[in-house]
Amino acid sequence: MKIFKSVSELKGHVFNIQRYSTHDGPGIRTVVFLKGCPLRCFWCQNPESQTLAPVLMFKRERCVACGRCVAACPYHANKIADGTLFLERSLCRACGTCVSCCFSEARSIQGTVMTVEEVMAVVCKDMLIYENSGGGLTVSGGDCEMQPGFTVALLQAAHAEGMNTAVEITGAFPWKTVKRITDHADYILFDLKMIDEKRHKAGTGVSNKLILENAKNLVRENRRIHFRTPLIPGFNDALEDVRAIAGFVKHELGLDPAERLELLAYNNLGEEKYERIDYAGERPRYKRQSDEYLKELKACCAAV
Ligand code: SF4
Ligand code: SF4
Ligand code: SF4
């Protein structure tokens, strides 16, 4: 009886594959974004990545109410009333039938099931670029820890091709899972969002106990790790919050925050997505921090 799936049978839920990235590990890289995340950060710029299941994205401003999707949908999730198209989310199964019949390109499915070979066929297109830049494959998300078997298979396939590997993780999983994945990564990008546990839970929906423990474990194992803090206005971008994160990196992990902690200014690129997927939570609307304030925060990191 066959118990384990071979690598060629393994399939993962892929959200996006982005080539030529220069921000997600050393050199020029291809980033494979997997679907699924255990956190529910109120500022999330990729809300369509949070669930493993695919999601229909609907750009209402493009819809001309032609009615083609009403006729095409096998689940009767669309209807037109008073010249406007209404999508009933509870009926939609994200089957994708309506996407190809919408000439206005108002619809798309976010999330595809792919095999390791299919993903690697895209990743391997840029082998020369990786060789010349010191780049390779980064597996990100959502949180790639949601699909540990598929993530490990991708990292192993990349190593077999001779490229280096990186993962971007939340660390919000038991150490066994974190270790299973990171053992196959040459470089680890690790998010530190907030040190205060209650406030972390309020902002992300989960405690940071496991996250901070896993950060310590990875440093103890002498892993090549780089911490990142997305700066969210009013949540963690006050001087004392950044000082607490930098203090954790310096005093608990024994690393220099000026070198190993990167502060990421808030970006609002994903705000319109909330309406496009009819997200149940609130839609975040914040302004990016000023360059002067970012300088002040960076100086604060260097001074802890
Ligand atoms: S097919 Fe596209 S343009 Fe036509 S009603 Fe549906 S969403 Fe609107
Ligand atoms: S994705 Fe499928 S179920 Fe959802 S509206 Fe389109 S055709 Fe209907
Ligand atoms: S960890 Fe990232 S993907 Fe997950 S909810 Fe937070 S911002 Fe979104």
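For clarity, every value in this text was computed on a predicted model and none was experimentally measured. Read the numbers this way: they start at 1 and go in the same order the structure lists the ligands and their atoms.
In Ala94, the part holding a heavy atom less than 4.0 Å from any atom of ligand 2 is the backbone. Contacts with ligand 2 closer than 4.0 Å are made by side-chain heavy atoms of Asn78 only, the backbone lying farther away.
For Lys35 against Glu48, the heavy-atom pair with the smallest separation is NZ-O, 2.6 Å.
Distances below 4.0 Å separate heavy atoms of Gly67 from the following atoms of ligand 1: 4 (Fe), 5 (S). The Ser104 neighbourhood of ligand 1 comprises atoms 3 (S), with distances under 4.0 Å to a heavy atom of that residue. Annotation for ligand 1: atoms under 4.0 Å from non-hydrogen atoms of Val64 are 3 (S), 8 (Fe).
Under the 4.0 angstrom criterion for non-hydrogen atoms, Phe58 is in contact with ligand 1.
No side-chain heavy atom of Tyr293 sits under 4.5 Å from any side-chain heavy atom of Arg288.
When each of Arg29, Gln18, Arg228 is paired with Asp24, the side chain to side chain donor-acceptor pair (under 3.5 Å) condition holds for Arg228 and for no other.
When only modelled atom types and interatomic distance are considered, Tyr130 and Thr30 share a side-chain donor-acceptor pair under 3.5 Å.
Residue side and main chain included, Cys95 places an N/O/S atom under 2.8 Å of atom 2 (Fe) of ligand 2. Between atom 8 (Fe) of ligand 2 and Cys92 there is no N/O/S contact shorter than 2.8 Å.
Relative to the ring axis of Phe58, Arg107 places its NZ or CZ within 45° and under 6.0 Å from the centre.
Protein residues with any heavy atom under 4.0 Å from ligand 3: Cys37, Leu39, Cys41, Cys44, Ser49, Gln50, Gly142, Thr170, Lys193.
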